[in-house]
Every structure is written in structure tokens, then in C-alpha cells.
*Asks:* 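Questions regarding the structure given below will be posed in turn.
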Amino acid sequence: MSKKANKSMNQPLRGIRVLVGRARHQAGALSAQFLRLGAQVIEIPFIEIRKPRSFKLLDHALKNLADYDWLILTSVNGVEAMWERMTKLQLTTLGTDRGGHAFSLARLGQESPPVGKRLRIAAIGPATKKAMEQRGVKVDVVPKEYVAESVVRSLKSKVKGKRVLLVRAKVARDVIPRELRQAGARVDVVEAYETVVPQTSRKRLSAALKNRRRCPHVVTFTSSSTVRNFVALMAGTRGRVAHPHPSLDGILTASIGPVTSSTLRELGLPVDIEAKEFTIPGLVDAIARGIARRAE
């Protein structure tokens, strides 16, 4: 095999420009995967993570976490925001039993957590699970598919008569609380953070798309929020785009999964590539495969 052919196999995205729209503090991990495959990466955040206007409900829930049977986390951002607040409140991480399972909270300085029922943890996917485990907490449930509907299927038979705390973004789909309440759970929903449109990205995005020699070949979307914010940045007003933007002609859109794809279609944008595994590595793999098919 020639060196050129070998390099092509190891770097299937060589010469491909990929636009990464993740929040600034999260873009690096995704960009690194594309760079290893030979892509040229353009980082322009479509999303910015901010603290909620009020921590009142989150603080109350964290101080009384021992009253809950289940804690559900739907993103790494949720884990990070929750832990930051726990530190601010001078609460420990979750108290754990010998098996590493979380069951209650203890004040800093206590030698051991207070005795109480075990708190079970559900994480929407492997990245969220990893974020919990890095903080010493064992996750009990990760659904087979990393979407809200799969979380519901995994928990529906386990939550009747139970108290459930869902920590999430300010704006999110209501599938989990609605379905679990119908299954007999008492569900409290608290906002740990909110996502906003980064206005500083508007000019950068416009310039990147106008320059046909340097514009991306692929635009990545890792959540419905990145789609909505991309549309807002393109249109100038949230939700006004009802058809594909002319400057996207010839540019592929890549979605992390069916929920994100649905939002793209809802806002009039095509779905050229969709990950089969709804994770960052799954998205990267789908793009590499999609580009390879188009090159055949």
C-alpha cells in the first residue's frame, strides 16, 4: 500500500473543513477528534452556557437531596452546574455507600454521610455518566439510546410512588417529567443552567459562510439548542428561518441524533448526515463515513 493511500485511510477527512458549533469550553474535545482524522476545524460557538437567573429551586433541591429516590441528569453541563452549586453551598459531593452508590448529602467536615435511603442516579448517556463517575458517584441507569424517550423507558417501571429530581437546562423538552408523572412518580424539575445565543458569533459565522474558498464543507449540530441558535445567528431573529439558507448550498449538515435531526427539519434545514450512536464519537464516525461515501 502506498504512503498516500495509507494516509488517506488514517485521515479520511483530510482537506475537509468542519464547523464545530459547541460551547467554547466544550469545543476542544470534538475538534481534536476531527483534527486526528485530517480535517480543518473552524470553531464558532452556536451556544453559550450561563447560570440561571435564580438558584432558589436548585439550592432547595440540593439541600434536600436525601428526600429523593432518583436523580436524573441529562447533560454534562447539568452535572458541572450542579457540582459548582454544591461547592458554593458547602455541600459535599453525594454521600456514597461502599459500592460507590450515592444515597444522601453530608455537610463538609463530617467524617461520614448521614444514614439514609440510597439515591439512585440516571444519566442520559456515557458522557454524562463519565462526568458523574469522575466525581466519585456510581451511575445506576444509562439508557440504550441517549435520548429522553429512552430514559423514560428505562425508568418507567421503577418510579411509581417515588420522588424524582430532574436537573436540566432552562429550556428543554418535557418528555421525561411528563411521562414519569404519568407512571406515578413525583417529579421536581430544577434549572441548573441556561443556553443563550452568543452574539459575538454572528459576524464570524456570516464571514465564514460568505467566503466560498474557506467556508466549511460540514456543519455539526450536537443538540437542538445548537440548531435553534444557528438559525438565530443566521437570520438575526430567533426562529425566523423557514427554509434552507441560500449560503448553505453545498454545505453538509451533520446531526448527533434523531431529536437534533427533527429540529433541523422543523426549522427548514436538511439532514445530510445523522449519527447512529448518539454521542460525539458517533457523530465524528458518521461524518467520516458520509464523506467517504460521497468520494466514491
Side-chain angles (χ1 to χ4, degrees), residues 47 49 52 56-58 60-62 64-82 94 101-103 117-133 137-195 221-228 239 255-267 271 274-280 282-283:
I47 192 169
I49 307 300
K56 185 177 180 180
L57 291 178
L58 178 60
H60 182 268
L62 293 178
N64 296 279
L65 194 53
D67 295 336
Y68 291 95
D69 299 285
W70 283 92
L71 168 64
I72 302 175
L73 292 149
T74 58
S75 70
V76 173
N77 288 323
V79 175
E80 293 174 347
M82 184 182 73
L94 302 179
H101 295 91
F103 63 92
K117 61 188 177 185
R118 185 162 74 84
L119 176 67
R120 295 179 181 273
I121 310 293
I124 199 167
T128 306
K129 177 186 178 183
K130 183 179 179 180
M132 293 293 284
E133 291 179 339
V137 178
K138 192 169 184 177
V139 173
D140 296 276
V141 171
V142 178
K144 291 181 179 179
E145 294 183 335
Y146 314 134
V147 293
E149 288 81 359
S150 193
V151 173
V152 170
R153 286 193 293 271
S154 299
L155 296 181
K156 215 167 185 179
S157 64
K158 301 177 176 69
V159 297
K160 186 175 182 179
K162 304 295 185 180
R163 289 199 66 187
V164 177
L165 176 63
L166 172 60
V167 176
R168 69 177 195 182
K170 181 178 180 179
V171 178
R173 300 166 69 224
D174 286 325
V175 173
I176 293 175
R178 183 182 66 245
E179 296 294 325
L180 293 187
R181 283 167 183 153
Q182 289 180 2
R186 291 178 292 164
V187 183
D188 291 338
V189 180
V190 296
E191 300 163 5
Y193 65 98
E194 65 176 320
T195 60
F221 296 96
T222 54
S223 67
S224 289
S225 294
T226 59
V227 178
R228 295 190 189 96
S255 163
I256 199 168
V259 175
T260 301
S261 295
S262 177
T263 305
L264 280 162
R265 295 187 183 101
E266 178 187 331
L267 295 178
V271 179
E274 181 181 286
K276 291 183 178 180
E277 180 182 318
F278 316 147
T279 62
I280 292 301
L283 176 61

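The analysis underlying the following values was restricted to heavy atoms, covering all of them including side chains, and did not include hydrogens, waters or symmetry mates.
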*Asks:* For a quick test of reading the model, state the closest non-hydrogen atom pair linking Ile121 to Lys138 and the distance between them.
*Replies:*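 Closest approach of Ile121 to Lys138: CG1-O, 3.8 Å.
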*Asks:* I'd like to know if the side chain of Lys158 reaches the main chain of Ser154, judged simply by a donor and an acceptor atom lying under 3.5 Å from each other, with no hydrogens or angles considered.
*Replies:*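 Yes; at least one donor-acceptor contact below 3.5 Å.
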*Asks:* Pair Leu166, Thr74 - check side-chain contact (heavy atoms from CB on, under 4.5 Å), show working.
*Replies:* CA-CA 8 Å; Leu166 172 60; Thr74 58; 3.8 Å; yes
*Asks:* Any side-chain heavy atom of Leu119 sitting closer than 4.5 Å to one from Trp70?
*Replies:*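 No. Closest side-chain heavy atoms not under 4.5 Å.
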*Asks:* Looking at NZ of Lys129 and CD1 of Ile124, how far apart are the two atoms once the value is rounded to the nearest 0.5 Å?
*Replies:*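 CD1 of Ile124 is found 14.5 Å from NZ of Lys129.
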*Asks:* Can you see which heavy atom on Ile72 is nearest to which on Leu180, and at what distance?
*Replies:*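 What the structure gives for the nearest pair is CD1-CD1, 3.6 Å.
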*Asks:* How many angstroms lie between atom CG of Leu58 and atom CG of Asp188, to the nearest 0.5 angstrom?
*Replies:*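 Spacing of CG (Leu58) from CG (Asp188) equals 12.0 Å.
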*Asks:* Is there side-chain contact between Thr279 and Ile256, with at least one heavy-atom pair below 4.5 Å?
*Replies:*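 Contact flag for Thr279/Ile256 side chains = no.
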*Asks:* Is there side-chain contact between Pro52 and Glu194, with heavy atoms separated by less than 4.5 Å?
*Replies:*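 A side-chain contact is absent here, since even the closest heavy-atom pair is not under 4.5 Å.
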*Asks:* Which heavy-atom pair separates Ser224 from Thr263 by the least distance, and what is that distance?
*Replies:*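 For Ser224 versus Thr263, the nearest heavy atoms are OG-OG1, 2.7 Å.
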*Asks:* Can you find a heavy atom in the side chain of Ser261 that is under 4.5 Å from one in the side chain of Glu266?
*Replies:*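 Not in contact.
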*Asks:* Strictly below 4.0 Å, N to O, side chains only: are Asp174 and Arg181 in salt-bridge contact?
*Replies:*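 The answer is no: the pair does not qualify as a salt bridge.
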*Asks:* Nearest 0.5 Å please: distance from the NZ atom of Lys156 over to the CD1 atom of Ile176.
*Replies:*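 Answer for the NZ-CD1 pair, Lys156 versus Ile176, is 12.5 Å.
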*Asks:* Measuring only between side-chain heavy atoms, which start at C-beta, is Leu57 closer than 4.5 Å to Glu191?
*Replies:*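 When only atoms from C-beta onward are counted, Glu191 and Leu57 do not touch, as no gap falls below 4.5 Å.
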*Asks:* Could you tell me which non-hydrogen atom of Lys162 sits nearest to which non-hydrogen atom of Asp69, and how far apart they are?
*Replies:*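 Smallest heavy-atom distance, with atoms named: CA-OD2, 3.5 Å.
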*Asks:* Looking only at heavy atoms, what is the nearest atom pair of Ala185 and Val164, with distance?
*Replies:*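 Answer, listing the atom of Ala185 first, then Val164: CB-CG2, 4.0 Å.
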*Asks:* Do you know which of Thr195, Ile49, Val167, Thr128 makes side chain to side chain contact (heavy atoms under 4.5 Å, CB included) with Asn77?
*Replies:*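 Checked Thr195, Ile49, Val167, Thr128 against Asn77; only one passes side chain to side chain contact (heavy atoms under 4.5 Å, CB included): Ile49.
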*Asks:* Please confirm whether the backbone N or O of Leu71 pairs with a side-chain atom of Arg120, one donor and one acceptor, at under 3.5 Å?
*Replies:*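 Side chain of Arg120 to backbone of Leu71, a donor-acceptor pair under 3.5 Å: no, none is there.
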*Asks:* What distance do Glu80 atom CD and Leu73 atom CG have between them, rounded to the nearest 0.5 Å?
*Replies:*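 Output value for this atom pair is 11.5 Å.
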*Asks:* Does the side chain of Pro258 reach to within under 4.5 Å of the side chain of Phe278, using non-hydrogen atoms?
*Replies:*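 They are in side-chain contact.
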*Asks:* Is there a side-chain contact (heavy atoms from CB on, under 4.5 Å) between Tyr193 and Ser75 once you walk through the steps?
*Replies:* CA-CA 11 Å; Tyr193 65 98; Ser75 70; 2.8 Å; yes
*Asks:* Measure the spacing between CG of Asp67 and NE2 of His60 and express it to the nearest 0.5 Å.
*Replies:*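 Answer rounded to 0.5 Å: 8.5 Å.
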*Asks:* Using distance alone, with no hydrogens and no angle criterion, decide if Thr260 and Ser255 have a side-chain donor and acceptor under 3.5 Å apart.
*Replies:*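 Their side chains do not contain a donor-acceptor pair, so the 3.5 Å distance test is not met.
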*Asks:* Using a 3.5 Å distance criterion without hydrogens, assess whether the side chain of Asp140 forms a donor-acceptor pair with backbone atoms of Ala122.
*Replies:*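 Pair absent, no side-chain N/O of Asp140 close to backbone of Ala122.
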*Asks:* How far apart are the closest heavy atoms of Val142 and Val139, and which atoms are they?
*Replies:*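 Of all heavy-atom pairs spanning Val142 and Val139, the closest is CG2-CG1, 3.9 Å.
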